[in-house]
Engineer: 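The structure that follows is given in the form of structure tokens.
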Amino acid sequence: MKFAYDDQNIFARILRGEIPNKTVYENDHALAFQDINPQAPVHVLVIPKGPYMSLDHFARDASPDEQLGFMQAVAEVCRISDLDDGFRAIANARAHGVQEVPHYHMHILGGRPLGRMLQG
Ligand code: 5GP
């Protein structure tokens with residue numbers, strides 16, 4: 001990996017309890033919380049507790065237990081958030097993906113029709 005994990009990023013600080021968050025769900029390997037600037041009625045961020053920068057970094061280097069814990073958190077967020085009518089999961093990565101926070105996170109968006117996947 002060309003980049004190094006920055007342990008001062010905002011989600012690392014949330015994981016250390018230095019910044020408050022509105023937690024939706026937590027297990028040993030993942031934390032899910034409300035996005036501070038929601039783009040839909042449901043906008044939850046699911047993050048691993050380990051120091052992974054992006055989806056590809058997590059998929060390559062996280063242990064099977066970490067990956068399972070993360071996906072179980074995604075499932076719980078969908079169940080808790082009443083997303084039977086559907087949702088979108090987004091994982092932005094690096095510059096072309098316009099990733100602002102360099103700690104892997106999956107956006108779970110829903111609660112209304114979300115339109116087409118990409119604009120522009
Ligand atoms: P990205 O562009 O990196 O995929 O998305 C980062 C997300 O983190 C944005 O949707 C932004 O609103 C959210 N965010 C940034 N800072 C904070 C924060 O301090 N607390 C919470 N809950 N969300 C944040």
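Note that these values count all heavy atoms, side chains included, but never hydrogens, waters or copies made by symmetry. We count ligands from 1, going down the list as the structure has it; atoms in each ligand are counted the same way. Residue numbers count from 1 along this sequence.
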Engineer: Determine, using ring centers only, whether Phe11 and Tyr104 are less than 6.0 Å apart.
Structural biologist: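 Between Tyr104 and Phe11, the centre distance exceeds or equals 6.0 Å.
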Engineer: Measuring centre to centre across the rings, with the benzene-like ring taken for any Trp, is His103 within less than 6.0 Å of Tyr52?
Structural biologist: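 No, the ring of His103 stays outside the 6.0 Å limit from the ring of Tyr52, centre to centre.
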Engineer: Just grab all the salt bridge (charged side-chain N to carboxylate O under 4.0 Å, His left out) pairs involving residues 95-110, residues at least two apart or on different chains.
Structural biologist: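 Listed by first then second residue: nothing to list.
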Engineer: Around ligand 1, what residues show up once you keep those with a heavy atom under 4.0 Å from it?
Structural biologist: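 Ligand 1 is contacted, at a heavy-atom distance under 4.0 Å, by Ile10, Phe11, Ile14, Phe33, Gln34, Asp35, Ile36, Asn37, Leu45, Asn92, Val98, Gln99, Glu100, Val101, His105, His107.
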Engineer: Check the hydrophobic clustering (I, L, V, M, F, W, Y; side-chain heavy atoms under 4.5 Å; chains of links allowed) and say if Leu109 and Phe87 are grouped together.
Structural biologist: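 Different clusters: Leu109 never reaches Phe87 through Ile, Leu, Val, Met, Phe, Trp or Tyr contacts under 4.5 Å.
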Engineer: What do you reckon, are the aromatic ring centroids of His57 and Tyr5 less than 6.0 Å apart?
Structural biologist: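 So the answer is no for these two rings.
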Engineer: Can a side-chain donor-acceptor contact be found between Asp65 and Ser63 if the only test is distance below 3.5 angstrom?
Structural biologist: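 Note: Ser63 and Asp65 side chains miss the donor-acceptor criterion.
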